[in-house]
Engineer: 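Could you have a look at this structure, given as structure tokens, before my questions?
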Amino acid sequence: MILCSNPSEQFKSYQSEIELAVSTVMRSKNYILGEQVSLLEEEFAKYIGTSSAIGVANGTDAIEIALRSLNIGYGDEVITVSHTAVATVAAIEASGAKAVLVDIDPNFYTLNPNQLEMVLTKKTKAVIAVHLYGNAVDLDSVLSFCKANKIFLIEDVSQAHGAKYKGKRLGSIGDIGCFSCYPTKNLGAIGDAGLVTTNNLDLANKVRMIREYGWRNRTSMFPGRNSRLDEIQAAILRIKLKYLDSDNQKRRDTAKFYYDNLSLLPIEFPKISMNVESVFHLFVINVANQKKLIDYLKKEGVMAGIHYPLPVHLHPAYKDRVVISKDMSVTEGIVKKIVSLPIYPELSHSDTKLIVNAMKKFFK
Ligand SMILES: *Cc1c(COP(=O)(O)O)cnc(C)c1O
């Protein structure tokens with residue numbers, strides 16, 4: 001079976017290096033927030049192009065802590081999309097703020113900047129731009145909206161480690177960048193992990209304090225969390241970070257093969273703006289017969305996915321809690337049409353050929 005994503009194949013790519021690094025940590029004296037975390041933070045900040053990076057326990061925490069570091073919480077509103085991982089909205093809720101969800105752009109499937117004005121209120125404190133599928137939000141439009149209204153821009157970069165907007169890495173453009181390093185992500189740990197990036201040293205300090213009880217020298221200066229990153233995950237991420245650019249290039253090669261070979265089929269593709277260098281966390285297509293295609297591919301040995309089958313504002317937990325814009329038609333329309341084809345650095349050429357042939361047979 002060809003899986004949609006495959007972190008265990010990635011482990012095999014770097015197995016000996018990872019096993020050595022993990023056993024070195026186990027023989028060391030420090031298992032949490034030690035040398036490996038510090039080095040990862042330095043290396044990741046350098047890679048993204050920010051003055052600071054801070055390791056946290058997961059991507060949801062990264063967003064919650066980013067919001068709290070900006071003093072956003074109860075009584076405030078935060079704008080983001082409904083077409084995202086539930087985690088984005090769960091993090092807003094965890095901060096105490098209210099999630100206000102807007103529709104996506106019909107071309108790019110990312111936040112539609114034209115809807116921001118529609119949902120702006122006096123309580124709006126931030127926009128979370130979710131760089132979905134490895135593709136970037138139209139940041140120029142969102143940034144000018146944020147500047148004009150004096151609100152913060154938080155980037156959710158959990159699906160776009162290494163992607164660029166106008167030559168800059170995502171996560172270096174807004175006030176704060178938030179990354180998940182869940183195993184399936186472009187930079188994935190072998191367990192849970194997350195990172196926060198910023199060019200603001202005060203914010204970086206605050207994030208560092210919030211991740212460990214609000215401590216300064218073991219005294220809590222304000223209420224904090226436990227969202228520490230452990231040494232084993234940091235050591236693994238340091239190894240994978242070295243290979244992130246070449247792994248992302250392999251994803252782009254796979255994407256190119258799909259575009260070259262599927263473009264004559266009755267399929268639509270989300271567009272990638274000229275300003276963006278995508279890292280294809282997912283390869284999503286839009287088809288009329290989603291369920292039939294997924295079942296057919298399964299019979300051919302290919303596990304396709306749906307990211308995501310239900311907009312966040314229609315989940316039972318959130319339908320009465322979040323505010324939505326008047327028009328969610330693109331978000332609600334595409335969920336019945338999107339299919340994620342397998343994409344990951346270790347996906348072989350014979351596998352992509354098999355997938356392309358199965359697709360051609362289905363549409364014949
Ligand atoms: C994975 C993901 C998250 C959350 O990450 P966790 O590490 O699972 O908490 C947040 N936002 C997006 C867009 C994601 O894909």
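Worth saying up front: this structure is predicted, and the values here are computed from it rather than measured. All ligand and atom numbering here is 1-based and tracks the order in the structure.
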Engineer: If you count only heavy atoms, which residues are under 4.0 Å from ligand 1?
Structural biologist: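 Those residues closer than 4.0 Å to ligand 1 by some heavy atom are Asn58, Gly59, Thr60, Thr84, Ala85, Ala87, Thr88, Val130, Asp156, Ser158, Gln159, Ser180, Lys185, Tyr308.
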
Engineer: Taking everything shown except Gln249 itself, do over 12 heavy atoms lie less than 6.0 Å from its CD?
Structural biologist: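 Enclosed: over 12 neighbouring heavy atoms sit under 6.0 Å from CD of Gln249.
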
Engineer: May I ask you to establish whether Lys206 and Phe222 are in a cation-pi arrangement, using a distance under 6.0 Å from NZ or CZ to the six-membered ring centre and at most 45° from the ring axis?
Structural biologist: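 Positive - Lys206 is close enough to the ring of Phe222 and near enough to its axis.
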
Engineer: Name every donor-acceptor pair, under 3.5 Å, that has one atom in a side chain of residues 152-162 and the other anywhere in the protein, sequence neighbours excluded.
Structural biologist:
residue: Glu155; atom: OE1; partner: His131; partner atom: NE2; Å: 2.9
residue: Glu155; atom: OE1; partner: Gly171; partner atom: N; Å: 2.9
residue: Glu155; atom: OE2; partner: Gly171; partner atom: N; Å: 3.2
residue: Glu155; atom: OE2; partner: Ile173; partner atom: N; Å: 3.0
residue: Glu155; atom: OE2; partner: Gly174; partner atom: N; Å: 2.7
residue: Asp156; atom: OD1; partner: Ser158; partner atom: N; Å: 3.2
residue: Asp156; atom: OD1; partner: Ser158; partner atom: OG; Å: 2.9
residue: Asp156; atom: OD2; partner: Thr88; partner atom: OG1; Å: 3.0
residue: Ser158; atom: OG; partner: Ser180; partner atom: N; Å: 3.0
residue: Gln159; atom: OE1; partner: Tyr133; partner atom: N; Å: 2.8
residue: Gln159; atom: NE2; partner: Tyr308; partner atom: OH; Å: 2.8
residue: His161; atom: NE2; partner: Ser180; partner atom: O; Å: 2.7

Engineer: Applying side-chain hydrogen bond (donor to acceptor under 3.5 Å, both in side chains), can you list everything that pairs with Asp260, at least two apart in sequence or on another chain?
Structural biologist: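 Asp260 satisfies side-chain hydrogen bond (donor to acceptor under 3.5 Å, both in side chains) with Lys256 only.
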
Engineer: Going by atom type alone, with no hydrogens or angles, which donor-acceptor pairs under 3.5 Å involve a side-chain atom of residues 89-101 and a protein atom two or more places apart or on another chain?
Structural biologist:
residue: Glu93; atom: OE1; partner: Arg321; partner atom: NE; Å: 2.9
residue: Glu93; atom: OE1; partner: Arg321; partner atom: NH2; Å: 2.9
residue: Glu93; atom: OE2; partner: Arg321; partner atom: NE; Å: 3.2
residue: Ser95; atom: OG; partner: Ile92; partner atom: O; Å: 2.6
residue: Ser95; atom: OG; partner: Ala97; partner atom: N; Å: 3.2
residue: Lys98; atom: NZ; partner: Arg321; partner atom: O; Å: 2.7

Engineer: Between Glu277 and Arg252, does at least one N-O distance fall below 4.0 Å, as a salt bridge requires?
Structural biologist: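 A salt bridge is present here (some side-chain N lies under 4.0 Å from a carboxylate O).
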
